[in-house]
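Report on the structure given below.
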Protein chains: 4
Amino acid sequence: MPQNKPPKKPAGTASPDRRRELLDTAARVFAAQGYNATTVRKIADAAGMLAGSLYYHFDSKESMLDEILSTFLGELWEGYDAVLAAGLGPRETIEALVTESFREIDRHRDAVAIYQRESRHLALQPRFGYLADSRQKFEKAWLGTLERGVADRVFRADLDIRLTYRYVRDTVWVAASWYRPHGRHSPEEIARQYLSMVLDGIAVRD
Amino acid sequence: MPQNKPPKKPAGTASPDRRRELLDTAARVFAAQGYNATTVRKIADAAGMLAGSLYYHFDSKESMLDEILSTFLGELWEGYDAVLAAGLGPRETIEALVTESFREIDRHRDAVAIYQRESRHLALQPRFGYLADSRQKFEKAWLGTLERGVADRVFRADLDIRLTYRYVRDTVWVAASWYRPHGRHSPEEIARQYLSMVLDGIAVRD
Amino acid sequence: MPQNKPPKKPAGTASPDRRRELLDTAARVFAAQGYNATTVRKIADAAGMLAGSLYYHFDSKESMLDEILSTFLGELWEGYDAVLAAGLGPRETIEALVTESFREIDRHRDAVAIYQRESRHLALQPRFGYLADSRQKFEKAWLGTLERGVADRVFRADLDIRLTYRYVRDTVWVAASWYRPHGRHSPEEIARQYLSMVLDGIAVRD
Amino acid sequence: MPQNKPPKKPAGTASPDRRRELLDTAARVFAAQGYNATTVRKIADAAGMLAGSLYYHFDSKESMLDEILSTFLGELWEGYDAVLAAGLGPRETIEALVTESFREIDRHRDAVAIYQRESRHLALQPRFGYLADSRQKFEKAWLGTLERGVADRVFRADLDIRLTYRYVRDTVWVAASWYRPHGRHSPEEIARQYLSMVLDGIAVRD
DNA sequence: CATGAATGAGAATTCATTCAT
DNA sequence: AATGAATGAATTCTCATTCAT
């Protein structure tokens, strides 16, 4: 990791720092109000500039959304791919994926919230086709792991496997709707408790 | 029934069947595209009429949303209240609430999806204050039951109780996002499997 | 010609009469100020309505332009095709085409002015591809007639034929920039004088 | 040369070569896309700089247009005045003016194209009042020459003289719309053929 | 000389809503 | 009940222009 921050103007379209700053602001507003209900003016207000000025940095409101989501998914898959490449057993893979997910929620809370709310209809547009791709890859990874777990007798065989998949998936990701970064619990701690519930249930064992 | 219908407003004119039909159509579009992204024209298209014609039946787009949500919540609480009045133990209460919830998802799938997506910010508007009320009442019922269960040693005591509450709540309601009425499983069957996972977890017991 | 004006609402997108009225207004403003310099607001002002109201009738400012130009070209080619099908000699064909052109200028003065000013760059856009097609068909008809005339020794052989083509073509169409319908001269009278100059020149014969 | 250059305005700063270069670039883009449709950014792109940088050289987009047109008209009138001062007969004057015009088209093709497209409405603005003046002076020169020619029985007397004037004027200047400098024909050769058509027509004499 | 970032005044377009018929 | 036509406010986006560096 180089220490030297960009000494001269970095090449490319514009300062990536400012870009990231503005995208963070935009993500915050999108997450709070929903993409459609967010006007460019609101974003600009939150960034302390005029609406038109945003267009120096971005082509359109949609391209901001695009960049927010694709950046998030990029980093998510970096983490997931590392987990999936580690050759863990099914239970350990699920544990690692869940933990990784909570870390991503911690780092990209707004992007996750936006993703939850908007991805379904966005995925229909060609521009956001990667959302559909990601969803499919996602399903393959999680469902495959669960199936492996059932085969290995690590996970229960009496449940509808797709139902289980949806259950585990949703269970993790809806957390983004109430999770506050740097709150009482660290992502790892939340992951631990969630895993405990998902794997062992909330009922006391007889 | 009072004689004084609103003098000019066409709020409750004519056939309640047509009204319900139109609301179902509206709910379908709202659920599919999001409230904000849904134009009155899209609803009218789906209903086979022109945008302006909807205003014979309803005051505004917002009043359609209002009626959809309040009808849904009314029926939901009818069911919940019956359960809560039955004097069941904590585990049985949770089981009954979950089952009732899946039944509501089955009957009001679109309304539930709309509720999930929009209730948070709608609740801030005075008109939709009942959403906030309902949420609070909801939390009281579920959280109270869980607490009673922990006290009765029916539910695990080692979990953060608010985390558990959110977990159970979300776990059930997100199902609306993928649930298709008249699909492979009946609501009761889905409830049964969900409960099995929530209560006992998905891991095989040693 | 039926006397009866539309007794009931005509089918289709909207009353074609109103549509035509608005297009005439738009064409007038486009011709006077140029397409780019014309704001929708100016058109709306000229039509006595608000800018947004135009969108009830048309998809966009561009689609108004499109409809103006395609209607004009449609009628132009109706006239030209009739002339070309008549089996006249080269000189008579040129005379008939010129006369027909002045008639079109008389009927579609604004559309012609717009065409002159905008067709070149519009033709590059796919939507206005028909402009390029028309230009090509146009060249074929005129240039072909001139060539036939040279072969028949009706037109001079000592001139660059493409230069002659451009000369005749431009000579006719620029007239639209100053021509006022219902002015001192009828289109036929103007055509006659133009033809006299084009065919015989302006110099006194020795 | 006065010392008092404009205090803050960068109007006439530095290298006149660079200035001319940039104006040529601007003229090229104006001619290709139209003045209104040309953004400062497009000009800057074509010049290999950023939009803001142009303002070091010019006050405004309009002042670029102004300089392009006034430079062109200045040189045009230099040529015309020489012709008009030469004391030629009407026919020879027309011949000389036409030839001079094609030379100007050759040298200022873009400026001529811009002039054709924009002068009519620009002339209404005070800043471009010289366009109206020029047009008037132009008409006086050409129309006067034609009238003299009719009086001298060099030109036909049976034609509407204003129609003839427009005919000759347009006939020459529209050539700018298709003329490519350094093309097959020299300006003098094109002038020769045009004159031959204008004076003697394109029909074979009996 | 040129850049990067912003401004601010429109521009086109959308859309909930109204209302006479 | 429904239509056709319009309103008017808001929204996204564009662009000439400015200015500190």
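The structure presented is a predicted model; accordingly, all values stated were derived computationally and were not measured. Quick note on labels: first sequence line is chain A, next is B, and so on, each numbered from 1.
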Open item on the list: Are C:Asp66 and C:Glu62 packed together at the side-chain level, in the sense that at least one heavy-atom pair is separated by less than 4.5 angstrom?
Closed with: no
Task: Between OG1 on residue C:Thr25 and CE on residue C:Met49, distance to nearest 0.5 Å - done: 9.5 Å
TODO: Check the distance between E:dG4's P and A:Leu22's CG and give it to me in whole angstrom.
DONE: 16 Å
TODO: Spell out, as yes or no, whether a donor-acceptor pair under 3.5 Å connects the side chain of D:Arg28 to the backbone of D:Asp110.
DONE: no
Open item on the list: Can you list everything that forms a side chain to side chain donor-acceptor pair (under 3.5 Å) with A:Glu67? Sequence neighbours excluded, please.
Closed with: A:Arg19
TODO: Using atom CG of A:Asp17 as one end and atom C1' of E:dG4 as the other, report the distance to the nearest whole Å.
DONE: 14 Å
Task: Nucleic acid contacts - residues 122-131 of chain C versus DNA chain E, non-hydrogen atoms under 4.0 Å - done: none
- [ ] May I have all residue pairs that pass salt bridge (Lys or Arg N to Asp or Glu O under 4.0 Å) and include part of residues 33-43 of chain B, sequence neighbours excluded?
- [x] B:Arg41-B:Asp45
Task: Which atom of C:His121 lies closest to which atom of D:Ala32, heavy atoms considered - done: CB-O, 4.3 Å
Task: Nearest-Å distance for atom pair NE2/C1', residues A:His57 and F:dT14 - done: 16 Å
Task: Heavy-atom closest pair, residues C:Val40 and C:Leu54 - done: O-CD1, 3.7 Å
Open item on the list: Checking the side chain of D:Arg117 only, and the main-chain atoms of D:Gly34 only, is there a donor and an acceptor separated by less than 3.5 Å?
Closed with: no
- [ ] Measure from the side chain of C:Tyr56, starting at C-beta and using heavy atoms only, and say which of E:dT7, F:dA6, E:dA5 lies closest.
- [x] F:dA6
Open item on the list: Between P on F:dA1 and CD on B:Glu21, what's the gap in Å once rounded to a whole number?
Closed with: 11 Å
Open item on the list: Output the rounded distance in Å from CG (D:Leu50) to C1' (F:dC19).
Closed with: 14 Å
Open item on the list: Tell me whether A:Ser63 contacts the main-chain N or O of A:Ser60 through its side chain, where contact means a donor paired with an acceptor under 3.5 Å.
Closed with: yes
TODO: Round to the nearest Å and state the distance from A:Gln33 atom CD to F:dT11 atom P.
DONE: 11 Å
- [ ] Sorted by first residue and then second, give each ring pair (Phe, Tyr, Trp, His ring centres under 6.0 Å) pair with at least one member in residues 31-53 of chain D; sequence neighbours left out.
- [x] D:Phe30-D:Tyr35
Task: Note, D:Arg20 side chain near D:Asp24 side chain (heavy atom, < 4.5 Å) - done: yes
Open item on the list: Only Watson-Crick and G-U wobble pairs, only distances under 3.5 Å, only runs of 3 or more: what stems does that leave for DNA chain F?
Closed with: E:2-21 with F:2-21
- [ ] Using a 4.0 Å heavy-atom cut-off, write out nucleotides 11-17 of chain E from 5' to 3' as B (base contacted by protein), S (sugar-phosphate only) or - (no contact).
- [x] SSBBSSB
Task: d(CG, D:Leu54; C1', F:dC15) in whole Å - done: 13 Å
Task: Side-chain N or O of C:Arg18 closer than 4.0 Å to phosphate OP1/OP2 of F:dA6 - done: yes
